Engineer: 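Next up is a structure, given as structure tokens.
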Amino acid sequence: MSSRDFENQSSKRKYEENKDFENQSLNQGLKRKHEANLDSNKSIKVTKTSTPNSRIVADHYNKKPDVGVEKRNESTILFLKNFNNWIKSVIIGKHVEPNSDILDMGCGKGGDLLKWKAAKISTLVGLDLSDVSIEDAKKRWENIRGGKHPAGFHAEFHVLDCFSNPITSIASIKNKLFDVVSMQFCLHYSFETENKARMALKNASSNLKEGGLFIGTVTDANWIVKKLKTLDPKALEFGNSIYSIVFEQKHEFPTFGHKYRFNLEDAINDCPEYLVHFPTFEKMAREYGLELIYKKRFHDIYNESKEDLQYRELLYKMSVIKRKEPIEMSDAEWEAAGIYIGFAFKKVRT
Ligand code: GTG
């Protein structure tokens with residue numbers, strides 16, 4: 001697919017056209033109930049909020065083997081993976097200053113380590129609910145640290161479900177404030193319950209310096225719901241040759257706990273996720289002193305940044321496109337890339 005095709009596709013899929021879910025949101029009854037809940041929960045005492053689904057998610061990632069770089073290059077969705085990693089590099093590049101202290105909530109196997117290195121950060125604390133992923137991240141970190149070109153920053157990793165436990169339970173970072181909190185491809189798990197979503201935000205905000213940034217990537221519920229609504233009245237599943245999204249019901253759209261199962265070839269195998277109603281997320285974030293400063297669909301981030309010299313060069317370096325050849329991402333991969341958005345919040349008050 002050529003860059004021109006990308007542009008054409010993108011303009012067809014203008015983000016503004018996808019406002020339905022965000023604007024119509026909940027029906028009036030649900031909306032009133034939801035707002036009452038938000039009010040009554042302002043003083044909620046956030047305690048352990050782990051759910052059986054946290055275990056399912058942890059088990060899913062515990063079972064996912066770290067295949068290594070060579071085997072990863074054989075992936076059927078390699079271009080999509082590279083594209084998504086490039087998008088994360090752009091988001092990091094636009095928001096992270098050199099010498100920053102980073103808290104990565106949901107660091108997985110350390111897939112962003114090289115991006116943090118490129119961003120010339122000072123410290124990284126990586127947290128994840130999957131103990132196997134944390135062990136893999138530690139191994140990757142050891143390789144990078146001991147490599148020919150040492151990482152140049154300090155890193156430590158801990159097992160913690162940041163959506164169910166306060167970060168203060170990790171002694172070494174109890175009173176540490178960070179310049180940036182990062183949550184990549186994981187916030188959607190927190191929208192299982194309001195308590196979990198609040199715990200995610202409380203942890204992000206209470207560990208950020210004033211003026212610091214909370215950045216991330218998450219599924220675009222607006223796009224997902226729009227797609228769901230184009231199906232036959234009884235149909236609950238859509239996707240293409242590389243991904244599928246399967247709902248249990250679509251007659252009600254609760255703000256929290258609206259579950260679907262996500263499959264992505266060679267990456268995610270039937271894992272439960274939850275729609276993130278972004279206006280609710282934004283409203284709740286404000287309660288924790290976080291103001292939205294950036295929100296864009298992956299397609300739009302691509303179209304906006306691909307001509308920027310440094311990011312264009314990175315497109316080649318990260319093998320998203322090959323020099324002198326058209327981009328090699330398939331239509332199916334491009335559609336799957338459209339499931340996500342990138343965001344950034346600024347901490348404006350404590
Ligand atoms: P993935 O984690 O398999 O991506 P990779 O890029 O292969 O990661 N996606 C992911 N998540 C978590 C979700 C989710 O929760 N919900 C939804 N809806 N979608 C999700 O994920 C693949 C795709 O799945 C994503 O793009 C999303 O679309 C979706 P990784 O293997 O960690 O590679 C990242 C970087 O690390 C690359 O630069 C690699 O070269 C590098 N790397 C890989 N292996 C190694 C290694 O052994 N050592 C070192 N040092 N670096 C390595």
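Side chains are part of it too, since the values below use all heavy atoms of this structure and drop only hydrogens, waters and symmetry mates. None of these values were measured; they are calculated from a predicted model. Just follow the structure's listing: the first ligand is 1, and inside any ligand the first atom is 1.
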Engineer: Using a strict cut-off of less than 4.0 Å between a Lys/Arg side-chain nitrogen and an Asp/Glu carboxylate oxygen, indicate whether D66 and K139 qualify as a salt bridge.
Structural biologist: no

Engineer: One thing to verify: whether R261 and E273 come together as a salt bridge, which I'm taking to mean a side-chain N less than 4.0 angstrom from a carboxylate O.
Structural biologist: no

Engineer: Record the part of F262 in heavy-atom contact with ligand 1 below 4.0 Å; permitted values are side chain, backbone, both and neither.
Structural biologist: side chain

Engineer: Ignoring hydrogens, just give me the one of G111, S89, S75, G68 whose non-hydrogen atom is nearest atom 35 (C) of ligand 1.
Structural biologist: G111

Engineer: Does the ring center of Y340 lie less than 6.0 Å from the ring center of W223?
Structural biologist: no

Engineer: So, does V69 sit close enough to ligand 1 that a heavy atom of it is under 4.0 Å from the ligand?
Structural biologist: yes

Engineer: Strictly less than 4.0 Å: does any protein heavy-atom distance to atom 38 (O) of ligand 1 fall in that range?
Structural biologist: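 For atom 38 (O) of ligand 1 the answer is no, since every protein heavy atom stays at 4.0 Å or beyond.
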
Engineer: Which heavy atom of the protein is the closest neighbour of atom 13 (C) of ligand 1, given with residue, atom name and distance?
Structural biologist: I268 CD1, 3.6 Å

Engineer: More than 12 non-hydrogen atoms from neighbouring residues, nucleotides or ligands closer than 6.0 Å to NZ on K120, yes or no?
Structural biologist: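 No - once you tally the heavy atoms of other residues, nucleotides and ligands closer than 6.0 Å, there are 12 at most.
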
Engineer: Thinking salt bridges, do R286 and E282 make one under a 4.0 Å N-O criterion?
Structural biologist: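 A salt bridge links R286 with E282.
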
Engineer: Name the closest protein heavy atom to atom 16 (N) of ligand 1, giving the residue it belongs to and the distance to 0.1 Å.
Structural biologist: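 Result for atom 16 (N) of ligand 1: E273 OE2, 2.4 Å.
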
Engineer: Is the distance between the ring centroids of Y260 and F238 under 6.0 Å?
Structural biologist: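 No, the ring of Y260 stays outside the 6.0 Å limit from the ring of F238, centre to centre.
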
Engineer: Between H188 and ligand 1, which part of the residue brings a heavy atom under 4.0 Å of the ligand: side chain, backbone, both or neither?
Structural biologist: side chain

Engineer: If you measure every N or O of I77 against every N or O of ligand 1, does any of those distances drop under 3.5 Å?
Structural biologist: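 There is no such contact.
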
Engineer: Considering heavy atoms of the protein only, find what lies nearest to atom 20 (C) of ligand 1 and give residue, atom and distance to 0.1 Å.
Structural biologist: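 The closest one turns out to be Y340 OH, 3.5 Å.
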
Engineer: Judged on heavy-atom distance to atom 50 (N) of ligand 1, which of I144, I87, L113 sits nearest?
Structural biologist: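 Among I144, I87, L113, the closest heavy atom to atom 50 (N) of ligand 1 belongs to I144.
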
Engineer: For atom 12 (C) of ligand 1, what's the nearest protein heavy atom and its distance?
Structural biologist: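 Of every protein heavy atom, Y61 OH, 3.2 Å lies nearest to atom 12 (C) of ligand 1.
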
Engineer: Is K109 in contact with ligand 1, taking contact as a heavy-atom separation below 4.0 Å?
Structural biologist: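 Under 4.0 Å: no for K109.
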
Engineer: Indicate, with yes or no, if the rings of F79 and W86 have centres closer together than 6.0 Å.
Structural biologist: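 Distance test on ring centres: not under 6.0 Å, no.
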
Engineer: In this structure, are over 12 heavy atoms from other groups packed under 6.0 Å from E70 atom CD?
Structural biologist: no

Engineer: Look at atom NZ of K209 and say whether more than 12 heavy atoms of other residues, nucleotides or ligands are closer to it than 6.0 Å.
Structural biologist: yes

Engineer: Using non-hydrogen atoms of the residue, decide whether K139 is closer than 4.0 angstrom to ligand 1.
Structural biologist: no

Engineer: Considering the heavy atoms of L264, write down every atom of ligand 1 situated less than 4.0 Å from one of them.
Structural biologist: 23 (C), 24 (O), 28 (O), 29 (C)

Engineer: Could you identify the single nearest non-hydrogen protein atom to atom 27 (C) of ligand 1 and state the distance to 0.1 Å?
Structural biologist: N84 ND2, 3.5 Å

Engineer: Of all the atoms in ligand 1, which lie at a distance below 4.0 Å from a heavy atom belonging to K64?
Structural biologist: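 What qualifies from ligand 1 is 1 (P), 2 (O), 3 (O).
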
Engineer: Between F247 and H258, is the ring centroid distance below 6.0 Å?
Structural biologist: yes

Engineer: Which heavy atom of the protein is the closest neighbour of atom 51 (N) of ligand 1, given with residue, atom name and distance?
Structural biologist: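 Result: R140 CD, 4.0 Å.
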
Engineer: Can you tell me which residue and heavy atom of the protein come closest to atom 22 (C) of ligand 1, and the distance to 0.1 Å?
Structural biologist: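 Its nearest protein heavy-atom neighbour is A267 CB, 3.7 Å.
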
Engineer: Heavy-atom contact under 4.0 Å between T219 and ligand 1?
Structural biologist: yes

Engineer: So, F345 versus Y294, ring centres under 6.0 angstrom or not?
Structural biologist: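 Centroid distance F345-Y294: not below 6.0 Å, so no.
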
Engineer: Which of the numbered atoms in ligand 1 are under 4.0 angstrom from any heavy atom belonging to Y189?
Structural biologist: 14 (C), 15 (O)

Engineer: Give the minimum heavy-atom separation between L315 and K306, together with the two atoms involved.
Structural biologist: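 Taking every non-hydrogen atom into account, CD1-CB, 4.0 Å.
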
Engineer: Between the main-chain N or O of P150 and the side-chain N or O of R145, is there a donor-acceptor pair closer than 3.5 Å?
Structural biologist: no

Engineer: Is there a polar contact, in the sense of an N or O pair closer than 3.5 Å, between D266 and ligand 1?
Structural biologist: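 Not met; the criterion fails.
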
Engineer: Starting from atom 40 (O) of ligand 1, locate the nearest protein heavy atom and write down its residue, its atom name and how far away it is, to 0.1 Å.
Structural biologist: R72 NH1, 3.9 Å

